A.B. asks: 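One structure coming up, written as structure tokens, with questions to follow.
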Amino acid sequence: MDYEEKILEREQDAREEGLVKGREEGLKRGVKILVFSLKRAGNTKQEIMHLLEQNYGSDFTDEQLENFLKESQNILPTTYLIWFNYLQVNRE
């Protein structure tokens with residue numbers, strides 16, 4: 001394998017790693033927004049945890065899901081409002 005092939009292979013590996021990390025970060029952010037929304041809708045922590053385990057139990061451990069429940073309080077209200085407005089606009 002020559003130098004150019006090695007460079008191309010490393011670039012491809014980096015791209016694939018970036019896609020995996022991006023998907024993971026996006027999924028985490030989405031779960032946090034979901035938890036925040038469920039809390040605002042009046043769901044209890046137990047109800048939210050049950051829903052998270054059902055829907056994301058294969059992607060995350062129970063400990064990670066509990067952390068999302070705790071971390072969801074750190075979501076800025078503007079993030080929630082932007083998401084909410086996006087959903088409202090796309091309904092029409």
Side-chain angles (χ1 to χ4, degrees):
M1 185 179 298
D2 66 359
Y3 180 75
E4 286 181 25
E5 289 175 338
K6 286 182 182 180
I7 295 290
L8 290 174
E9 186 177 303
R10 286 184 182 170
E11 286 178 359
Q12 180 64 29
D13 291 345
R15 248 184 255 121
E16 289 173 7
E17 184 179 334
L19 289 172
V20 169
K21 284 184 179 181
R23 179 194 174 278
E24 188 176 297
E25 289 303 312
L27 188 58
K28 287 179 182 179
R29 185 75 175 160
V31 171
K32 289 177 186 178
I33 291 171
L34 174 63
V35 170
F36 183 82
S37 300
L38 290 171
K39 281 182 178 180
R40 286 193 55 124
N43 293 73
T44 66
K45 289 182 180 181
Q46 291 82 9
E47 291 170 333
I48 295 171
M49 193 61 192
H50 179 70
L51 288 169
L52 292 178
E53 287 170 347
Q54 282 183 327
N55 294 301
Y56 299 102
S58 61
D59 296 313
F60 301 106
T61 65
D62 285 349
E63 184 179 336
Q64 287 175 306
L65 294 174
E66 288 173 13
N67 285 335
F68 293 144
L69 193 56
K70 293 174 189 173
E71 293 171 5
S72 69
Q73 296 171 358
N74 298 331
I75 291 179
L76 297 174
T78 54
T79 302
Y80 173 76
L81 291 174
I82 290 168
W83 181 248
F84 181 77
N85 288 336
Y86 171 80
L87 292 175
Q88 293 301 317
V89 168
N90 288 317
R91 271 191 191 170
E92 299 170 354

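The shown structure was predicted, so the numbers you read here are calculated from the model rather than taken from an experiment. These values consider heavy atoms only, across backbone and side chains, with no hydrogens, waters or symmetry-generated copies.
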A.B. asks: Is there a donor-acceptor contact under 3.5 Å from the side chain of E16 to the main chain of D13?
C.D. replies: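 The answer is no, because no donor-acceptor pair under 3.5 Å joins these two groups.
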A.B. asks: Crowded around E63 CD? As in, over 12 foreign heavy atoms under 6.0 Å?
C.D. replies: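 No - once you tally the heavy atoms of other residues, nucleotides and ligands closer than 6.0 Å, there are 12 at most.
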A.B. asks: Taking side chain to side chain donor-acceptor pair (under 3.5 Å) as the definition, give me every residue that meets it alongside E11, ordered by chain and number, with sequence neighbours left out.
C.D. replies: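 Scan of E11 (side chain to side chain donor-acceptor pair (under 3.5 Å), adjacent residues dropped) gives none.
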A.B. asks: Any side-chain donor-acceptor pair under 3.5 Å between Q46 and H50?
C.D. replies: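 Result is no, nothing qualifies.
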A.B. asks: Return the CD to OG1 distance between E47 and T44, rounded to the nearest 0.5 Å.
C.D. replies: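 Answer rounded to 0.5 Å: 3.5 Å.
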A.B. asks: How long is the span from the CD1 atom in I48 to the CG atom in L34, to the nearest 0.5 Å?
C.D. replies: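 Going from the CD1 atom of I48 to the CG atom of L34 covers 8.0 Å.
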A.B. asks: To check you understand the geometry: which heavy-atom pair defines the closest contact between D59 and R23, and what is its length?
C.D. replies: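 For D59 and R23, the tightest heavy-atom pair comes out as OD1-NH2, 4.4 Å.
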A.B. asks: Thinking salt bridges, do E24 and K28 make one under a 4.0 Å N-O criterion?
C.D. replies: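 Between K28 and E24 there is a salt bridge, with a charged N closer than 4.0 Å to a carboxylate O.
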A.B. asks: Can you tell me how far CG of L51 sits from OH of Y56, rounded to the nearest 0.5 angstrom?
C.D. replies: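 Separation between the atoms: 10.0 Å.
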A.B. asks: Flag the pair E17 and K21 as a salt bridge only when some basic side-chain nitrogen lies within less than 4.0 angstrom of an acidic carboxylate oxygen.
C.D. replies: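 A salt bridge links E17 with K21.
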A.B. asks: Taking all heavy atoms of D62 and all of M49, pick out the closest pair and write down the distance.
C.D. replies: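 Result for this residue pair: O-CE, 3.5 Å.
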A.B. asks: Does the separation of the ring centres of F60 and F68 fall below 6.0 angstrom?
C.D. replies: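 Yes - the distance between ring centres of F60 and F68 falls below the 6.0 Å cut-off.
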A.B. asks: Once rounded to the nearest 0.5 Å, what's the spacing between atom CD of E66 and atom CG of L69?
C.D. replies: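 Reported to 0.5 Å precision, the distance equals 8.0 Å.
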A.B. asks: Got a donor-acceptor contact below 3.5 angstrom from the N43 side chain to the K39 backbone?
C.D. replies: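 Flag not set: sc N43 to bb K39 has no pair under 3.5 Å.
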A.B. asks: Once salt bridge (Lys or Arg N to Asp or Glu O under 4.0 Å) is applied, do any residues pair with E5, and if so which ones, sequence neighbours excluded?
C.D. replies: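 Applying salt bridge (Lys or Arg N to Asp or Glu O under 4.0 Å) to E5 gives none.
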A.B. asks: Should we count CZ of R15 as having more than 12 external heavy atoms under 6.0 Å?
C.D. replies: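 For R15, atom CZ is crowded (more than 12 foreign heavy atoms under 6.0 Å).
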A.B. asks: As an exercise, state the distance from CD of E9 to NZ of K6, rounded to the nearest 0.5 Å.
C.D. replies: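 So the CD of E9 and the NZ of K6 are separated by 9.0 Å.
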A.B. asks: Let me confirm one number: the OH-CG distance from Y3 to L8, rounded to the nearest 0.5 Å.
C.D. replies: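 Rounded to the nearest 0.5 Å, the OH-CG separation comes to 10.5 Å.
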